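Notes follow once the structure below has been shown.
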Amino acid sequence: MRIDVLSIFPEYLEPLRLSLIGKAVTDGLLQLTVTDPRAFATDRHRTVDDTPYGGGAGMVMKPEPWAQALESVLGAQDDAAASRPVLVVPSPAGEVFTQEIAYELAAEEHLVFACGRYEGIDERFLEWAGREVRVRPLSLGDYVLNGGEVAVLAMTEAVTRLIPGVIGNPESLAEESHTGGLLEYPVYTKPAAWREREVPETLLSGHHGRIARWRRVQQLARTARRRPDMVLALDPATLDRADLAV
Ligand SMILES: NC(=O)c1ccno1
């Protein structure tokens with residue numbers, strides 16, 4: 001997978017060089033670049049924003065530096081790419097990013113993230129880009145950040161960890177929250193007794209069937225308590241008779 005990030009604060013993306021994502025790059029599982037649209041601003045002050053037409057507070061990012069920054073990374077892509085890249089635009093006005101979308105994006109060959117700032121990027125840039133790429137405004141949630149960089153860090157981690165070979169043990173992906181429509185069960189490790197608190201005895205039983213059942217019940221109960229919306233969205237076909245007895 002190739003990921004290109006467009007940001008006027010490239011240093012914000014340095015954490016992507018660390019840990020599992022950094023290792024995915026060194027292992028050749030991920031190509032990662034960061035491009036600053038300010039490099040394509042032609043005036044003496046390298047201006048990338050201006051006042052909004054129609055008035056209003058704040059500044060809007062000018063389309064031309066973004067268009068040239070996008071052209072520079074599309075020009076560098078492997079022409080053999082089977083499908084058009086996805087341009088993810090982090091925005092509070094976007095579709096809410098979910099684990100399901102993370103899996104969708106992890107299946108793509110080429111992602112470009114455009115980290116807008118201020119009041120956003122001139123809409124004509126997104127319309128123009130739509131000729132070459134699939135534009136996808138995405139939001140981390142119903143709140144507003146100062147820019148897209150923090151969202152890109154989160155989305156990039158959520159996506160790249162799903163790329164085969166990035167996570168050491170792919171089985172650990174199978175029982176995570178939001179996989180299968182439920183939140184994950186509580187986890188425990190040594191010591192068995194800690195500050196007068198014991199590990200649930202089922203987990204010490206060695207009885208795999210009982211342990212699996214206990215975990216499933218915990219998932220259902222935790223999801224019902226914390227995210228009743230997810231329970232309502234469950235596909236009844238994924239529930240078995242024992243689940244309905246919870
Ligand atoms: N909610 C978000 O993802 C966001 C991105 C930029 N500002 O807010």
Side-chain angles (χ1 to χ4, degrees), residues 1 3-21 30 32-41 47-67 69-70 73 85-108 110-130 133-163 176-178 183 226-227 229-230 233:
M1 175 184 281
I3 293 181
D4 296 298
V5 183
L6 311 180
S7 167
I8 62 170
F9 292 116
E11 62 277 12
Y12 226 117
L13 286 308
E14 278 309 301
L16 293 180
R17 304 288 176 192
L18 306 174
S19 188
L20 283 179
I21 300 176
L30 173 68
L32 176 67
T33 75
V34 180
T35 300
D36 184 349
R38 197 180 295 279
F40 301 92
T47 307
V48 290
D49 61 318
D50 207 327
T51 54
Y53 278 118
M59 302 290 274
V60 174
M61 305 202 85
K62 298 167 71 67
E64 185 58 22
W66 287 90
L70 180 61
V73 299
V86 177
L87 176 65
V88 176
V89 185
S91 164
E95 177 188 3
V96 175
F97 180 71
T98 62
Q99 188 69 6
E100 183 180 350
I101 293 176
Y103 272 103
E104 287 173 23
L105 296 181
E108 295 289 344
H110 189 185
L111 302 179
V112 184
F113 287 94
C115 302
R117 287 227 146 220
Y118 315 130
E119 298 310 308
I121 305 171
D122 186 304
E123 193 66 19
R124 290 171 295 178
F125 163 67
L126 303 180
E127 291 166 5
W128 167 84
V133 297
R134 287 169 283 159
V135 180
R136 191 143 190 209
L138 291 176
S139 172
L140 281 187
D142 293 339
Y143 47 84
V144 182
L145 304 169
N146 289 331
E149 287 80 4
V150 168
V152 168
L153 292 175
M155 292 178 191
T156 300
E157 178 159 320
V159 170
T160 54
R161 64 193 299 275
L162 302 177
I163 297 171
E176 293 183 323
S177 285
H178 303 284
L183 299 181
R226 298 181 183 175
R227 291 292 305 275
D229 59 302
M230 287 175 65

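This structure is a prediction, so every number in the text was calculated from the model and none was measured. Counting convention: from 1, in listed order, for ligands and their atoms alike.
Atom CG of Asn146 has 12 or fewer neighbouring heavy atoms from other residues, nucleotides or ligands inside a 6.0 Å radius. Heavy-atom contacts from other residues, nucleotides or ligands closer than 6.0 Å to CD of Glu157 number 12 or fewer. The environment of Glu100 atom CD is sparse: at most 12 non-hydrogen atoms of other residues, nucleotides or ligands sit within 6.0 angstrom.
Residue Phe113 is tested with Thr156, Leu6, Leu138 for a side chain to side chain contact (heavy atoms under 4.5 Å, CB included); the sole match is Thr156.
At under 3.5 Å, a nitrogen or oxygen of Leu140, whether backbone or side chain, sits near a nitrogen or oxygen of ligand 1. Between Leu145 and ligand 1, at least one N/O pair is under 3.5 Å apart. Considering both main-chain and side-chain atoms, Gly141 comes within under 3.5 Å of ligand 1 through a nitrogen or oxygen pair. Checked against a 3.5 angstrom limit, the closest N/O atoms of Ser139 and ligand 1 fall inside it.
Annotation: the span from Leu20 atom CG to Ile163 atom CD1 amounts to 11.0 Å, rounded to 0.5 Å.
Ligand 1 places these atoms under 4.0 Å from at least one heavy atom of Tyr143: 1 (N), 2 (C), 8 (O).
Judged by the shortest distance from any of its heavy atoms, Gly94 lies outside the 4.0 Å radius around the atoms of ligand 1.
Among Gly147, Pro137, Ala151, the residue whose heavy atom sits closest to atom 6 (C) of ligand 1 is Gly147.
Although no hydrogens or angles enter the test, the distance criterion places a donor-acceptor pair under 3.5 Å between the side chain of Ser7 and the main chain of Phe9.
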